[in-house]
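Step one of this worksheet: look at the structure below.
In the text below, chain A, chain B and the rest are named by the order of the sequence lines, each starting its count at 1.
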Amino acid sequence: MDYRATLNLPQTSFSMKANLTQREPVYLKRWEKEDLYAQLEEQAAGKPLYVLHDGPPYANGHIHLGTAFNKILKDVILRSRRMAGFNAPYIPGWDCHGLPIEHNVDLELGEKKKTIPKLSKRGACRKYAEKWIKTQKAEFKRLGVLGDWDKPYLTMDYAYEATIAREFNRFLLSGSVIRNKKPVYWCATCTTALAEAEVEYHDHRSPSVYVKFPVVDDFSEISPALAAGDVSVVIWTTTPWTLPANLAVAFHPDFVYAAVKVEDETWILAQDRVVPFMAEVGIDRYEIAGTFSARGLENRRCRHPFLDRDSLLVLADYVTTEAGTGCVHTAPGHGADDYQTGLRYGLDIFSPVDNEGVYTSEAGPYAGQQIPAVNKVINQDMRNLGVLIHQSDINHSYPHCWRCKKPVMYRATPQWFISMEINDLRAKSLDNIKKVVWTPAWGMQRIYAMIEGRPDWCLSRQRSWGVPITIISCSDCGEIIKSEKLVQRIDELFRQEGADAWFRHGVETFLEPGTTCGKCGSASFTKEEDILDVWFDSGVSHAAVCEQREELRSPADLYLEGSDQHRGWFHSALLTSVGTRGRAPYHGVLTHGYVVDGQGRKMSKSVGNVVAPGEVIEKFGAEILRLWVASEDYRDDVKVSDEILRQVADAYRKIRNTIRYMLGNLYDFDPASDRVPRSDLPELDRWALGRYDELVGRIVGAYERFEFHSVYQALNLFCGTTMSAFYLDIIKDRLYASGADSQPRRAAQTVLYEILDGMLRLMSPILCFTAAEAWESLYALSDSAPLTRSVFFAEFPSAGDGGEESGLDERWARLIRLRSEITKALEIARRDKIIGHPLEAEVQLQVGGELAAFIEQERQALKEISIVSALQVVDGTLEGAFVSDEIEGLSIRVIQAPGSKCERCWTRSKTVGELRAHPEICGRCADVVAQMDAGQEG
RNA sequence: AGUCCCGUAGCUCAGUUGGUUAGAGCGCUACACUGAUAAUGUAGAGGUCCGCGGUUCAACUCCGCGCGGGACUACCA
């Protein structure tokens, strides 16, 4: 007879195969249609607020794996905060202005870009940004990221643009905004100044030239060796085009300089550089006529090598002897160090180059020539004049524009700055950095050093797509109008029309009729045309979003971005908040590393190791991508490769199958009526609940510390080892063979139910699709069941209220150690063909002392967890037994268990055949079957 | 070039204030089961803890010097 029908075999509609690629969109559709996010928010009203403020991705191009990683991480945090009892709103945002978008729009416009009106171009940029926001929004949603996608914040929203202007005006009215002629990175191709963040360094080939600057004064008192006629200072430069702007030559105050005789000339250079210099220029006949300190040279003069003016000799401690001559060509309008030196010596910040990189009339004979092509002309002219000692080429790292990839120049132009010193912005910022919790901790050190050393914030961008620098100044004397009225007027118009208002209306629209300059009385005014650095836009999101959205607040609890944002958003947000509010916009900052390939190399198109999120979703599903995010310790760079993703998918399958098995055994369990009180549960079951309590504690703690990889590891271990390989395997007999409503089976189901219910809650922040699906299955929810019954409205289980049972854990740890030895013995017996399935076995243990008593006492438990048909302690030595390495004095012999195999429960038992009506089954099964028979009759 | 971070099994991660034979999960190999079945169970093989020196009775752990990867800063006239 086939007893299969008399068993309680698992039943579930929760399929083994996840089919994530097909199933996920179905869930997403429902969540969107019924607005899961809004329902969650509604439910969370009144709970403590947790604000994770979204750093806006740039609205350009498809999302990449790094962006996906960041968004998933945020989603996991928010979901876990919600389940921990918080109200955790999520308002995603986009950064919409700026050069990259304008650059791409320019490419689309082609020749038209030169003639198109500014407002039309701004309109085109807006449309371009809108297009990508739409695309990215869909891509983010597909990841399962939950948020207010219908009302995100955009830095190009009119209200947001108004806030940007308002925040800028706060700086302006406070006196922190200054205008300076200062060297900045300048791209002549894009015709704009660039922030430090907008330059990247690549190798570049430059000319390397040594040039003589003849001295004009009498230097004989410094050194007799300098008395003779033809004396020159020798400088080195790799940018000959800056020579027309040369105003000085710098020496190190502490270096020893040498007067070197070469034929009938005398050259001045650092003593340490003489040998390498002579070697490089190929001169072997020379003589050091004397040495001296450069201090005596200060404020003396030499002659510009080819222009009709002098060049001042100055001292500067950044001069090195690593390269060059120790005499540094100094052009205050074309270098950062040079600029500082120029200020110290009262030199003009001279920069005779226009926006397109063409010399102005101030460059004398070179006016109208293009930089850097002019290098060749200058070098040739110097050769003709006999001032060029040597020319070669040098390959070195040189700053390039991040958009057009062309070499940039350092050029002084009038720019608007936020001063780091006025109103103590630097000091206050440094102070506030210390009040923020930086994770990992080195983030503090990094941003501290940056703020400490950064120059004033150059705000000006000579572009179209952005928010204007809302400054109106007197056309005659340059005085800036600073008035609350003007600020309000700007705010009003920007709210109505966006920042376009600035370019649409004449200056008079912003001013009250009859306004005159407070300084000179003029009635003629000029609007600033430059726009603000985009970092200012996203930087003020604390004011535009956190302070204004009802569901948020400022400071936010957390900013979470990649580690590059220390110099980006974390930085600009800090300055804009400290400058206007005197405090940081965040309580905590969490950073993650970059997504790199399996070998730890950066992803790049040229290497061809870029992994697109779309590909992963198509192949594995978003759920696997989410699980991958959780599996990686993001404090360092996070690796991704096909192997890694396959591994994550394997782990997923294990988790899914464990859930499926648990569900399958709960098909007839109603917690309301079938639950067995904890005190009535067998020890094994109480032990399992103890392990589960441990898991709850571990996972809830890991979420709190944002250590999601620990959640992943703990979940794997629990599903794979604690549940699947141990507990579930052992209780199989009870679940299948005991009476459906018997206490042993109901006890096991009670445990399964509690653990599964909790496990689904615990995993739902990461595995949102699977947790939702399994939860529906567990609670038999139909498609029409309200979303509020979904797992997302549940909270995390609380850990360990079961209370410690004295000695239970220790005893069971000991039993598990013994079991592990028994399975080894079983494995040997299987190999020797004594048994196949463990239930065919009888285990005989030989051991002395206290352990023997322990085993005797726990014989039933040990038999049960070893899943064998019989187990006993025997005396005397065991022939051919397995001798344990792990447990001293333990020998184990495995023989075929006595009796016959019960056709129902597969245990070998001497009781098989005792019941005449069912000769093939054991006593226990006979009872169960008899009861079933009786039940059917009654 | 400087500063910082990282380097433990094929992969993802643990590894307490230095203290027995360095762990887990996955993967891999073999076997078993066929009532979790495109599953499940069991066992096994995998490590120069990046390398070299040093401190110490004792170093994966502390120190120094390298190598590899990454980030940041500076680019140097």
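- Between A/R567 atom CZ and B/rC4 atom P the separation is 19 Å, expressed in whole Å.
- Ring geometry for A/F213 versus A/H304: interplanar angle of 30 to 60°, hence tilted.
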- Message: Within the 4.0 Å limit for protein heavy atoms, which parts of nucleotides 38-45 of chain B are touched? Write it as a string from 5' to 3', B for base, S for sugar-phosphate only, - for none.
- Response: SSSSBS--
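- For the pairing with A/V596, the side chain to side chain contact (heavy atoms under 4.5 Å, CB included) check across A/V638, A/V640, A/L65, A/D637 returns one residue only, A/D637.
- Sequence neighbours left out, not one pair with a member in residues 636-666 of chain A passes ring pair (Phe, Tyr, Trp, His ring centres under 6.0 Å).
- When the side-chain nitrogen and oxygen atoms of A/R446 are compared with OP1 and OP2 of B/rU73, none of them lie within a distance under 4.0 Å.
- Within 4.0 Å (heavy atoms only), A/L7 reaches at least one base atom of the nucleic acid.
- Legend: residues meeting salt bridge (charged side-chain N to carboxylate O under 4.0 Å, His left out) with A/E632, ordered by chain and number and at least two apart, are absent.
- Between the CZ atom of A/R454 and the C1' atom of B/rU73 there is a distance of 13 Å, rounded to whole Å.
- Side-chain nitrogen and oxygen atoms of A/Y736 include at least one within less than 4.0 Å of the OP1 or OP2 phosphate oxygen of B/rA36.
- The C1' atoms of B/rU20 and B/rG10 are separated by 29 Å, rounded to the nearest whole Å.
- For the salt bridge (charged side-chain N to carboxylate O under 4.0 Å, His left out) test, residues two or more places apart in sequence or in another chain that qualify with A/R734 are A/D685, A/E864.
- No contact: A/T242 has no heavy atom under 4.0 Å from any strand.
- As judged by a 4.0 angstrom heavy-atom cut-off over every strand, A/E903 is placed among the base-contacting residues.
- Aromatic ring pairs are classed by plane angle as parallel below 30°, tilted from 30° to 60° and perpendicular above 60°; the pair A/H566 and A/W442 is tilted.
- Separation of the C1' atoms belonging to B/rU16 and B/rC75 is 44 Å when rounded to the nearest angstrom.
- When the salt bridge (charged side-chain N to carboxylate O under 4.0 Å, His left out) test is applied to A/D733, the partners found at least two apart in sequence or on another chain are A/R924.
- Applying the ring-ring contact (aromatic ring centres under 6.0 Å, His included) test to A/F669 and every residue at least two apart in sequence or in another chain returns A/Y753.
- A/R904 comes within 4.0 angstrom of a nucleotide base, judged by non-hydrogen atoms across all strands.
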I'd like a table of atom pairs between the protein and nucleotides 10-17 of chain B - only N or O on both sides, under 3.5 Å - with the distance next to each one.
unit_1 : atom_1 : unit_2 : atom_2 : d
B/rG10 : O2'    : A/E643 : OE2    : 3.1
B/rC11 : O4'    : A/E643 : OE2    : 3.3
B/rC11 : O2'    : A/Q647 : NE2    : 2.7
B/rC11 : O2     : A/Q647 : OE1    : 2.7
B/rC11 : O2     : A/Q647 : NE2    : 3.4
B/rU12 : O4'    : A/Q647 : NE2    : 3.3
B/rU12 : O2'    : A/S631 : O      : 3.0
B/rU12 : O2     : A/Q713 : NE2    : 3.1
B/rC13 : OP1    : A/E632 : OE1    : 3.0
B/rC13 : OP1    : A/D633 : N      : 2.5
B/rC13 : O4'    : A/Q713 : NE2    : 3.2
B/rC13 : O3'    : A/H709 : NE2    : 3.3
B/rA14 : OP1    : A/D633 : OD2    : 3.4
B/rA14 : OP1    : A/H709 : NE2    : 2.8

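- On the C1' atoms, B/rA30 is 23 Å away from B/rA36, given to the nearest whole Å.
- In this structure, the CG atom of A/L9 is 9 Å from the P atom of B/rG35, given to the nearest Å.
- Rounded to whole Å, the separation between the C1' atoms of B/rC26 and B/rG44 comes to 16 Å.
- When heavy atoms are screened at a 4.0 angstrom cut-off, A/G836 is found touching the sugar-phosphate backbone but no base atom.
- Regarding the sugar-base torsion, B/rG46 falls in the syn class, its angle being within 90° of 0.
- Residues passing the ring-ring contact (aromatic ring centres under 6.0 Å, His included) test with A/Y594, sequence neighbours excluded: none.
- Residues that satisfy the salt bridge (charged side-chain N to carboxylate O under 4.0 Å, His left out) test with A/E920, not counting sequence neighbours, are absent from this structure.
- Rounded to an integer number of Å, the gap from CH2 of A/W906 to C1' of B/rU34 is 7 Å.
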